[in-house]
Amino acid sequence: MAADDPTAAGLDELTARFEATIAANERIEPRDWMPDGYRQTLIRQIAQHAHSEIIGMQPEANWITRAPSLLRKAILLAKVQDEAGHGLYLYAAAETLGVSRAELFELLHSRKQKYSSIFNYPTLTWADVGAIGWLVDGAAITNQVPLCRCSYGPYARAMIRICKEESFHQRQGFDILYRLSHGTPAQHEMAQDAVNRWWWPSLMMFGPPDDQSPHTAQSMAWGIKRFTNDELRQKFVDMIVPQAAVLGLTLPDPQLRWNPERGHYDFGPIDWSEFYRVIGGGGPCNEQRLRHRIEAYTAGAWVREAAAAYAAKHGQRTAA
Amino acid sequence: MAADDPTAAGLDELTARFEATIAANERIEPRDWMPDGYRQTLIRQIAQHAHSEIIGMQPEANWITRAPSLLRKAILLAKVQDEAGHGLYLYAAAETLGVSRAELFELLHSRKQKYSSIFNYPTLTWADVGAIGWLVDGAAITNQVPLCRCSYGPYARAMIRICKEESFHQRQGFDILYRLSHGTPAQHEMAQDAVNRWWWPSLMMFGPPDDQSPHTAQSMAWGIKRFTNDELRQKFVDMIVPQAAVLGLTLPDPQLRWNPERGHYDFGPIDWSEFYRVIGGGGPCNEQRLRHRIEAYTAGAWVREAAAAYAAKHGQRTAA
Amino acid sequence: MTTDPLLFTYTLRLGDDALILAQRLSEWASRAPEIEEDIALTNIALDLLGQARVLLDYAGKVEGAGRDEDDLAYLRTEPEFLNVHLVEQENGDFAHTIARQLFFSTYQLALYEELISSKDDVLAGVAAKGVKEAAYHRDHAQQWTLRLGDGTEESHRRMQAAVDRFWPFTPELFESDEVTRALAARGIGVDPSVLRPRWEQAIDDVLREATLRKPELIWASYGGRRGVHTECFGYLLAEMQYLHRLHPDASW
Amino acid sequence: MTTDPLLFTYTLRLGDDALILAQRLSEWASRAPEIEEDIALTNIALDLLGQARVLLDYAGKVEGAGRDEDDLAYLRTEPEFLNVHLVEQENGDFAHTIARQLFFSTYQLALYEELISSKDDVLAGVAAKGVKEAAYHRDHAQQWTLRLGDGTEESHRRMQAAVDRFWPFTPELFESDEVTRALAARGIGVDPSVLRPRWEQAIDDVLREATLRKPELIWASYGGRRGVHTECFGYLLAEMQYLHRLHPDASW
């Protein structure tokens, strides 16, 4: 879209230069020419990531007013604020590819772009805030750390900032669960119940298995992705299992065990029908999350209009 | 308004017949001729009474969802329902005088008609529900029982139905306070605090002292009013003081004592500046009550329009 | 301690449905679009609360652990409530409240029509009284569904949105499990799956007459019968139980 | 047990103002009109919550009865909270939230500017840090007051309605009583009545520039400093305290 209209010869040269940059593990910047597929893939991925930050505020915001201590309330408020900030970085990164925040919102609200399906599950107890921090942010970090080396510069730089904050979040989630697990019996039960509910959805956050993920090869060739879905999922499981032991909580998978030959934890089969159902709109909160988002955005329209009108008026007056 | 346009001679005769009816303690009915002042006085009084029932739902509805037992919740729900019913009777009685419910709502919402100032105080604790039942409904009954003999038939008949239900309400309020007063120390304190806050406003419900109530004489001559404000206030005090002793609660008036010569309880001076301030819009909830009312009415406009449209359409279809 | 755990669970489910819907309806008091509706909504809330009180009282007796209706209403935690998700959903606008009521009362009427012949005297008694109440609630909701669906353009749009919104919460009404099947086999309870055809027929008829589109089912909300609720429920419980819990040693 | 009851009361008042306004502002999370405002409102809430934590912690120490910040936030009942009515009022629309913030932060900034020279090190410390925070909050609210007041016709109408709505809650900010007078005399606290001229001037200027009408004062709401609140406050407390109270023996 933002590209020139090069001759066929010019196009070959541009492509070669683009591929050389990728091959050299250097960064593509907004001013650089890039193939349209690369651009579209990045827009889709960054937008989905940005939307996930914005929608992802909801399940946690659900517990801010009810947080059981002031310290926890402050930490949770700061976390939800970070998510809004991540959304901003990411929409800004997407804008460098020639698509505006307003357009992306429109695509989110009309269901033409997605957000991470994990946020279509409800936060039913305070322990869910812990489970989201530990498991969901844990999975997010596993996904995102390699993105800090993504071939597209603005995205990679946004991810570096985001990953720093996410690792705080994961530690805070762990800390919440640790306190619950070592607290009263009711608190322990709350923690275990939350982990039981969030474990499998967290594993699904890495996307479908490699043999059902047709775009992975291209994304890896472009340096957008560095590992396959299954590789990342395995990294995550290997990270989480020992942490669960420290927490004193079990993971709801009887087939989970150390495999000394592979040097990894084996785990049971994932219910991919649930994954596709939730992606397709059949999660417990799909409707609710999007409705909440659209209602908030719609209710704020007059505020945005007022800000625009004031800016226009103010400009005029200064000019006059 | 609904009256004919009689000649001067005819007017004399009508006036004489009207006054004879009043003198005979018989009822004026909607079909009867009546002086315009009589009609206007009644409209104002019945409308204010109807508005009070409708606005009066708010302070009690405030505790339905938080009622501390299911039995209390049911009783309170039923009471608030009764108030809506009383509102209906009274608007219907006013309509017999040639003014529609919609017109009366408009007068309420534009502050051209008033409701009882007592509802401009907040219900801060569950005990306030008891205090309203005991004191506010007690004062209302004292006011209303004589209205069952009001010279205007539809109003008198509405009052007979209302008074029956109000006496239930007063007993229930007493019962709430009795349980609180004889409950835990925190409950007792809650009850005493509520009585402290509601006592003086209840006394003000009877209106200004007789020497500042210029319309009383005319209303009594017309058989609308049967007792003066001060007479009713004294009746109320005489009824309440012994009940307070049974409740084990004190009334916040150090000058309150039995006067054997008068055969009544003496009580301290009322702060009429507060009365006039609250009437004039300066009570803690004037703004809130009217805003709540107008918001509910406005939010329901589309529902009323739909019902009207459906009725019109349905009529057409039946006709076709 | 529990003398009949299945009956206890079953009775709680019925009682919680009634209690929680009564709680939601009572939020309308002083906020209805006309006085007549303030009266009607309060009336429905009162009927349901009355049913809830008998059912929770009975559940406490069946359990045999000395819990009364207030212990069960005020001192259980969220996962101990067994109502369907439909009844806990927020009121929304008047159309939403009507759609929720239409779906629930049509179901409850069919349920009580069957439960009337329960071998359990208390449940049969609740049903015998409740069948008249549910019929009135259903009629009220039907009439408003017609008026709003076939009223103005705005009311049609709002009513359709409300029907769409609550549609995914209706399959849970008919969910059958070991509890309902066992009690149905004993002639005490009703397996709600048998009520579905009657419900579908009635709802189809009303929607059609109201010029409303029957929604497609994209997803269905389940979990209430096992104590797993939706995010709005915690707020409802906090409001309902706060005062009672604040004074643990008090009677009211 | 209380070593300095006046200081305890005074510190609680400051702490409760900050705590309750933080609670109200945090209701906005995920609901703001744009992402930047989600960040800004959360930021203000965080600043206020931070102030509240220091103040409540200190109040507990002054009291000397072993209560910590959480005991004071979660285990006091409504009449024990000493915040002004302004901060407990419901959020309303964005204009309402901005008007409430403008009134409060303009007051708090003036207060902290004085409190900075308190002889009490903790209060002086809160003020020293808080003065920068309050200045930012005030600027944020001022900018939005200008944009909304002098934006569109709709935003002007909404902003004026918001200013009118909260105006009666502003005199309470400057209420002086034996507590404030005694602490002011000891060089520890500020008698808020001295802040009023500065506040009036600042607010007058903003309203004028925002093309808004300064409301007439028809009534004024008082009572918060003595623990008498408005009807909306009980709901806020129930939501805030429910979970903590549900687990009396837990730590989090």
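Proteins get letters first, then strands, A, B, ... in listed order; numbering begins at 1 in each. Here the structure is a predicted model, which is why all the values come from computation and not from measurement.
A donor-acceptor contact closer than 3.5 angstrom is absent between the side chains of C:Gln108 and C:Ser105. For the 3.5 Å distance criterion, the side chains of C:Asp120 and C:Tyr58 qualify, holding a donor opposite an acceptor.
With respect to chain B, the highest number of heavy-atom pairs below 4.5 Å among C:Leu19, C:Ile35, C:Leu49, C:Thr152 belongs to C:Ile35. Of the listed residues (B:Thr125, B:Leu88, B:Val80), the one with the most heavy-atom contacts under 4.5 Å to chain C is B:Leu88.
Cation-pi check for C:Arg147 over C:Trp144 is met; the charged atom lies under 6.0 angstrom from the ring centroid and within 45 degrees of its normal. For the pair B:Arg304 and B:Tyr297, the distance from NZ or CZ to the six-membered ring centre is under 6.0 Å and the angle to the ring normal is within 45 degrees.
Residue contact with chain C, scored on non-hydrogen atoms closer than 4.5 Å, involves the backbone and the side chain of B:Leu70 alike. Residue contact with chain B, scored on non-hydrogen atoms closer than 4.5 Å, involves the side chain of C:Leu56 exclusively. With a 4.5 Å cut-off on non-hydrogen atoms, B:Ala299 does not touch chain C at all. For B:Val303, the parts lying near chain C are the backbone and the side chain together; criterion is any non-hydrogen pair under 4.5 Å. Contacts between C:Ala40 and chain B at a heavy-atom distance below 4.5 Å are absent for every atom of the residue. Of the two parts of B:Leu71, the backbone and the side chain both hold a non-hydrogen atom closer than 4.5 Å to a non-hydrogen atom of chain C. For a residue to count as touching a neighbouring chain, one of its non-hydrogen atoms must lie under 4.5 Å from one of that chain's; by this rule C:Tyr74 touches chain B with the side chain only. For chain C, no part of B:His182 is nearby; none of its heavy atoms comes within less than 4.5 Å. Proximity to chain C (any heavy atom under 4.5 Å) is shown, for B:Arg66, by both the backbone and the side chain. Contacts between B:Arg293 and chain C at a heavy-atom distance below 4.5 Å are absent for every atom of the residue. For chain C, the nearby part of B:Thr184 is the side chain; its heavy atoms alone come within less than 4.5 Å.
Electrostatic pairing of B:Asp193 and B:Arg197 counts as a salt bridge here, judged by a charged N lying under 4.0 Å from a carboxylate O.
Of the possible donor and acceptor atoms, one in the side chain of C:Asn91 sits under 3.5 Å from a partner among the backbone N and O of C:Arg24. For B:Asn286 (side chain) and B:Val278 (main-chain N/O), a donor-acceptor pair under 3.5 Å exists by modelled atom type.
Remark: aromatic rings of B:His51 and B:Tyr91 are close, center separation under 6.0 Å.
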